[in-house]
Every structure is written in C-alpha cells, then in structure tokens.
Amino acid sequence: MAFIQKIEGKRGPIYKVHYKEPLTGKRRCKNFARRKDAVHFQENVPKNEYLHGTDTVLVSVAADKWLEVCEHIGRKGREPVEKSTIKPYRLHASYIKEMIGDVRLDQLD
C-alpha cells in the first residue's frame, strides 16, 4: 500500500510517495513538489499482482504478463521498454510459448 509523507525542505514542502514495486516487492519512494502530483502517482501505483503463489499459471500466461510489464510498467523500476526492444522480446516469448507454453511454472526446474 502506498502512502504520502510530507517533508519540510529548504525550498518548501516535499511530498514523498512510499510504495512497493509490483514485481520485486521492494520498497521505493518518489518525491514530488506538489501534493496533487503525489496523490495522482499514489492512485496509479500498480497493485501487487504476483504470477504464482498457491495457484500457478502456465508459462504462456507468464510470458504474456512479462511482455505487458515490459511494455507498460517497466522492469525493475525503469521506464517501459522502447518499441525497438519489445519486438525481439515478443519474438523470444513466442518461441518459449511454442516450446513449453502449456507447462505450469511450478513444474519447471
């Protein structure tokens, strides 16, 4: 769950949004000069959607989710990948889905 912290700085208040990365679960924070921007960011922080837990998914579903994350959210706190990068990612994902797409993640060694 994300929350906002107000900090009095030398140049005025700073609004810090604390949140967890959706994929790794690591705690992160981002600073904003205006509370309005911090609230907007807080409302749009992706929720934790782990691919496996008690229920496990197929490799093809995980590959599609990975492509979605790369294209829209970004990996490991980075910006989303560019179109020239997503093209080979899709190609690799199609090979993986063709070869082992119907295998569940918990069955992989």
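FYI, side chains are in, hydrogens and waters are out, and symmetry mates aren't considered; it's all heavy atoms of this structure.
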Next on the checklist: Quick check on Arg11: does its CZ atom have over 12 non-hydrogen neighbours (other residues, nucleotides or ligands) under 6.0 Å away?
Outcome noted: no
Item to check | Contact check, side chains of Cys29 and His18, non-hydrogen atoms, under 4.5 Å | outcome: yes
Item to check | Min side-chain heavy-atom separation Leu105-Val59 under 4.5 Å | outcome: yes
Next on the checklist: Run the salt bridge (Lys or Arg N to Asp or Glu O under 4.0 Å) test against Lys6 and tell me which residues pass, sequence neighbours left out.
Outcome noted: Glu8
Checklist outcome for this item: Residues Phe3 and Gln42: closest non-hydrogen pair is CA-NE2, 3.7 Å
Next on the checklist: If you define the side chain from C-beta out and look only at heavy atoms, does anything of His40 sit under 4.5 Å from Arg34?
Outcome noted: no
Checklist entry - Of the non-hydrogen atoms in Ile4 and Val17, which two are nearest, and what is the gap between them? => result CG1-CG2, 4.1 Å
Item to check | Side-chain touch Lys30/Tyr19, heavy atoms, less than 4.5 angstrom | outcome: yes
Checklist entry - Got a second to check how far Ile86's CD1 is from Glu68's CD, nearest 0.5 Å? => result 10.5 Å
Checklist entry - So, for Tyr15 and Ala38, which heavy atoms are closest and what is the spacing to 0.1 Å? => result CB-CB, 3.8 Å
Next on the checklist: Could you measure the distance from the CG atom of Leu58 to the CD atom of Gln107? Nearest 0.5 Å is fine.
Outcome noted: 9.0 Å
Just list the side-chain donor-acceptor pairs under 3.5 Å for residues 93-100, sequence neighbours left out, or say none.
from, atom 1, to, atom 2, distance (Å)
Ser94, OG, Leu91, O, 2.6
Lys97, NZ, Asp64, OD1, 2.7

Checklist entry - If every non-hydrogen atom of Arg90 is compared with every non-hydrogen atom of Leu67, which pair is closest and at what distance? => result N-CD2, 3.8 Å
Checklist entry - Is Ile14 reachable from Phe32 through a run of hydrophobic residues whose side-chain heavy atoms are each under 4.5 Å from the next? => result no
